[in-house]
Amino acid sequence: MNYWLFKSEPSCFSFQDLQKRPQATEPWDGVRNYQARNFLRDQIKTGDKVLFYHSSIAVPAVVGVCTVVREGYPDHTALNPQADHFDPKATPEKPIWYMVDVKAEKPLPREVPLPVIREHPALQKMPLINRSRLSIQPVSEAEFKVIMELGGL
DNA sequence: GCCAACGTTGGC
DNA sequence: GCCAACGTTGGC
């Protein structure tokens, strides 16, 4: 099993939004970055754990844990001219972009804010710190455990 | 709102 | 294939 961190702007889609869904699963679509796409398509597997991170707010933070419930499949929103992340280069034969489905597991009793991650000696290698723009990031088991502890789980 | 970092585009 | 110009992301 592997660990990941997914970023989302809460004004766009928050962990609370995910928890509210009656069916509790959500397609993680709209990712349009090749490195992130490769993780979605090739490496993220059903059962993997995901840290849900809120970005572009006053205090960015890890706020909850999700589980992957469906692994990489074509992101059909790229084919839809009406969709926000439409890509004219994508076709059904060559979809280019991929997504996975996730479901909320539990919120962290205490959010883990970015400044805390920045200063924690065991978390210095997280891409959040110097590759902050990567929206899908791998997390090591050790890092995941540290964040769980900081978050009160 | 600013700006640094980074990714993409397009001319050559 | 290089690189300058431009657009986007995201922290502050």
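Just so it is clear: chains get the letters A, B, ... in the order the sequence lines come, proteins before strands, and each one is counted from 1. Side chains included, hydrogens not; waters and symmetry mates left out as well; all remaining heavy atoms used.
- Sequence neighbours left out, not one pair with a member in residues 126-136 of chain A passes salt bridge (Lys or Arg N to Asp or Glu O under 4.0 Å).
- Judged as a side chain to side chain donor-acceptor pair (under 3.5 Å), the pairs with a partner in residues 82-96 of chain A (not counting sequence neighbours) are, in order, A:Asp87-A:Trp97.
- Remark: A:Lys106 engages no residue in a salt bridge (charged side-chain N to carboxylate O under 4.0 Å, His left out) (not counting sequence neighbours).
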Summary of protein contacts for nucleotides 1-10 of chain B, nucleotide by nucleotide, where a base hit scores B, a sugar-phosphate-only hit scores S (4.0 Å, heavy atoms): ----BBSSS-
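- With sequence neighbours excluded, no residue forms a ring pair (Phe, Tyr, Trp, His ring centres under 6.0 Å) with A:Tyr98.
- Remark: A:Asp17 engages A:Phe13, A:Ser14, A:Lys20 in a side-chain contact (heavy atoms from CB on, under 4.5 Å) (not counting sequence neighbours).
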Distance-only check: which donor-acceptor pairs under 3.5 Å involve side-chain atoms of residues 58-71 of chain A, not counting sequence neighbours?
unit_1, atom_1, unit_2, atom_2, d
A:Thr67, OG1, A:Glu105, OE1, 2.5
A:Glu71, OE1, A:Thr46, N, 2.8
A:Glu71, OE1, A:Thr46, OG1, 3.3

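- Near DNA chain C, meaning a heavy atom under 4.0 Å from it, residues 112-124 of chain A has A:Leu114, A:Arg118 in order of number.
- Looking at residues two or more places apart in sequence or on another chain, you find a salt bridge (charged side-chain N to carboxylate O under 4.0 Å, His left out) between A:Arg32 and A:Asp75.
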